[in-house]
Amino acid sequence: MKGFKVSMKAYHKNTKSQESSRAVGLDIALKIVSFVTGKEHLHYGYWNGLDVTLENLGKAQEAYTQHLFKYLPQKKSQKKLKILDIGGGSGQIASYLIDLGHQVTIIIPSSILAKHAKQNTQGKAEIQPTTFEEYTPNKNIKFDLCLYAESFQYIPIRIALQKASQLLNKNGEILIADCFRSANEQTGIFRKPGGGPSLASMESEIKKQHLEIVAREEITKDVAPSIELEQQFYNTIGFSINRVVRSLKITRPISLKFMGILYKLLLSKRKRLRLEDRLFEKTRSKDSFIQYNHYMIFRLKPLQK
């Protein structure tokens, strides 16, 4: 059965997961990206051949999707694939898959994103507003493809690979595009751009789960410029804050002092330092991203016993 499917029981069960920091962050990111690009992509851009400008962000994100689709399984005898889009965001990628004739189920732990996914797929996708860990397929359905487009890093590796493998049909595959940490050691209190598990742990778990690597590609340098655009965005916010503060020092010094006290009460020193680094410094660069990350595309399938 297709369409937006969520009972009141399921809604209450997943309320907590929908209001996690991850879900809230996704909702905010969606609003910002939609305003800037006019689209609702929630992933890096693929900048090969494109100038790194805000104007080209939407084009780079479209290029990312098209590059990812090169890794879709090609089945001559079966044009329509049953795809599980895990952490499918606003349904933008799913809508393209549906246009190609595929049948898509989207898992997303945000009620707001679930509504956007319903709109973007015109009600043609089955939408499950839950986490992958809590997801239970209807009627033991099996999929031709389990897709992780920048959602893999938010699920423990063992669960992400093991459960996806169990949800595949006999010839099914897993397609992953996401960040993995490099072996370079991180120092200091500031989190380096990127994220995810280490690439070494990913490669180890692939073997443990008895998966075969059908295809593998690293596109770190092609996606890294997205980090610099993100840094410019935060610096713009930081500039605005500094400008307001300078004005308040003159016009509302007592109010500014009160806000400063409140700021220190609400955030620990560590969190304040991290926030100020994000807003006022330029530490999140493409070079730093390349140093500490491998952005990988993996196409996997279970080894035949």
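In this text, all values refer to a predicted model and were calculated from it rather than measured experimentally.
With hydrogens and angles disregarded, no donor-acceptor distance shorter than 3.5 Å links the side chain of Thr220 to the backbone of Ile290. Listed for the Arg272 side chain is a donor-acceptor partner under 3.5 Å among the backbone atoms of Leu267. A donor-acceptor pair under 3.5 Å is formed between the side chain of Ser201 and the backbone N or O of Ser198. Between the side chain of Asp85 and the backbone N or O of Thr105 there is no donor-acceptor pair closer than 3.5 Å. Under a 3.5 Å cut-off, the side chain of Asp178 and the backbone N or O of Met296 do not form any donor-acceptor pair. With hydrogens and angles disregarded, a donor-acceptor distance shorter than 3.5 Å links the side chain of Thr65 to the backbone of Gln61. Using modelled atom types, no side-chain atom of His210 and backbone atom of Leu303 make a donor-acceptor pair closer than 3.5 Å. Lys249 places no side-chain N or O within donor-acceptor distance of the main-chain N or O of Val244, the cut-off being under 3.5 Å. Asn120 places no side-chain N or O within 3.5 Å of a backbone atom of Ser95 that could act as its donor or acceptor partner.
Within the 4.5 Å cutoff, no side-chain heavy atoms of Gln232 are placed close to those of Asn235. Looking at heavy atoms from C-beta onward, Arg274 lies out of side-chain contact with Lys271 at the 4.5 angstrom threshold. In this structure, the side chains of Arg246 and Ile250 stay at 4.5 Å or more apart for every pair of heavy atoms. The shortest distance between side-chain heavy atoms of Phe289 and Ser226 does not fall below 4.5 Å. Using a 4.5 Å cut-off on side-chain heavy atoms (C-beta onward), Gln128 and Asn138 make contact. Looking at Asn56 and Val52, their side chains never come closer than 4.5 Å, going by heavy atoms from C-beta outward. Cys146 is listed as a side-chain neighbour of Ile86, based on a closest heavy-atom distance under 4.5 Å. Side-chain contact between Asp222 and Trp47 is absent, with no heavy-atom pair separated by less than 4.5 Å.
Residues Phe298 and Val223 fall into different hydrophobic clusters, defined by Ile, Leu, Val, Met, Phe, Trp and Tyr side chains chained together at heavy-atom separations under 4.5 Å. Placement of Ile159 and Ile108 in two distinct hydrophobic clusters is found when ILVMFWY residues are connected by side-chain heavy-atom separations under 4.5 Å, directly or transitively. Cluster membership check: Leu81 shares its hydrophobic cluster with Leu97, using side-chain heavy-atom separations under 4.5 Å among Ile, Leu, Val, Met, Phe, Trp and Tyr. No single ILVMFWY cluster, assembled from side-chain heavy atoms under 4.5 Å apart, contains both Tyr148 and Ile83. Each of Leu211 and Val214 belongs to its own hydrophobic cluster when Ile, Leu, Val, Met, Phe, Trp and Tyr are linked at side-chain heavy-atom distances under 4.5 angstrom.
Between Arg284 and the choices Glu230, Gln231, Glu228, the side-chain hydrogen bond (donor to acceptor under 3.5 Å, both in side chains) rule is met once, by Glu230. Between Tyr71 and the choices Ile176, Leu147, Ile297, Leu145, the side chain to side chain contact (heavy atoms under 4.5 Å, CB included) rule is met once, by Ile297.
For Ser151 against Gly87, the heavy-atom pair with the smallest separation is CB-CA, 3.9 Å. In plain terms, the two heavy atoms of Cys179 and Gly194 that are nearest each other are SG-CA, 4.4 Å. Heavy atoms only, all atoms of each residue included: Glu133 and Tyr154 are closest at OE2-O, 4.4 Å. In terms of heavy-atom proximity, Glu173 sits nearest to Leu168 at O-CD2, 3.2 Å. Of all heavy-atom pairs spanning Thr131 and Pro109, the tightest one is CG2-CB, 4.0 Å. Of all heavy-atom pairs spanning Gly195 and Asn293, the tightest one is N-OD1, 3.1 Å.
Remark: Ile254 CD1 is loosely packed, at most 12 non-hydrogen atoms of other residues, nucleotides or ligands lying under 6.0 Å away. No more than 12 heavy atoms of other residues, nucleotides or ligands sit less than 6.0 Å from atom CZ of Phe239. Annotation for Phe258: atom CZ does not count as buried by contact number, only 12 or fewer foreign heavy atoms lying within 6.0 Å. No more than 12 heavy atoms of other residues, nucleotides or ligands sit less than 6.0 Å from atom NZ of Lys207. Counted within 6.0 Å of CG on Asp99, heavy atoms from surrounding residues, nucleotides or ligands total more than 12; the atom is thus considered enclosed.
Between Phe180 and Phe152, the ring planes lie tilted relative to each other; the angle falls in the 30° to 60° range. Classified by interplanar angle (parallel below 30°, tilted 30° to 60°, perpendicular above 60°), the ring pair Tyr295/Tyr44 is perpendicular.
Atom CD of Gln166 and atom CD of Gln209 lie 8.5 Å apart (nearest 0.5 Å). The CD1 atom of Ile107 lies 5.5 Å from the OH atom of Tyr135; values are rounded to the nearest 0.5 Å. With rounding to the nearest 0.5 Å, the separation of CD in Gln186 from OG in Ser288 is 8.0 Å. In this structure, Leu68 CG and Arg299 CZ are separated by 11.5 Å, a value rounded to the nearest 0.5 Å. Between atom CD1 of residue Ile213 and atom CD1 of residue Ile174 there is a gap of 11.5 Å, rounded to the nearest 0.5 Å. With rounding to the nearest 0.5 Å, the separation of CD1 in Ile127 from CD in Gln119 is 9.5 Å.
Under 3.5 Å, the side chains of Gln291 and Asn184 contain no donor-acceptor pair of N or O atoms. Between Asp144 and Asn169, the side chains place a donor N or O and an acceptor N or O closer than 3.5 Å (distance only, hydrogens not considered). In the model, Glu62 has a side-chain atom that pairs as donor or acceptor with a side-chain atom of Tyr96 under 3.5 Å.
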Practice problem: Please report the C-alpha distance between Lys163 and Leu167 in whole Å, then the side-chain angles of each, then the deciding distance to 0.1 Å, and finally whether the side-chain contact (heavy atoms from CB on, under 4.5 Å) criterion is met. | Solution: CA-CA 6 Å; Lys163 187 168 183 178; Leu167 291 170; 4.3 Å; yes

Practice problem: Let me see the working for Ser255 and Leu248 under side-chain contact (heavy atoms from CB on, under 4.5 Å), right down to the final yes or no. | Solution: CA-CA 8 Å; Ser255 297; Leu248 290 176; 5.7 Å; no

Quiz item: Between Arg181 and Lys192, is a side-chain contact (heavy atoms from CB on, under 4.5 Å) present by the stated rule, with each step listed?
Solution: CA-CA 10 Å; Arg181 286 298 191 185; Lys192 306 302 181 184; 3.9 Å; yes

Quiz item: Could you walk me through whether Arg216 and Glu203 pass the side-chain contact (heavy atoms from CB on, under 4.5 Å) check?
Solution: CA-CA 11 Å; Arg216 166 185 173 139; Glu203 293 169 337; 2.9 Å; yes

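Taking the charged nitrogens against the carboxylate oxygens, Glu217 and Lys70 have no contact shorter than 4.0 Å, which rules out a salt bridge.
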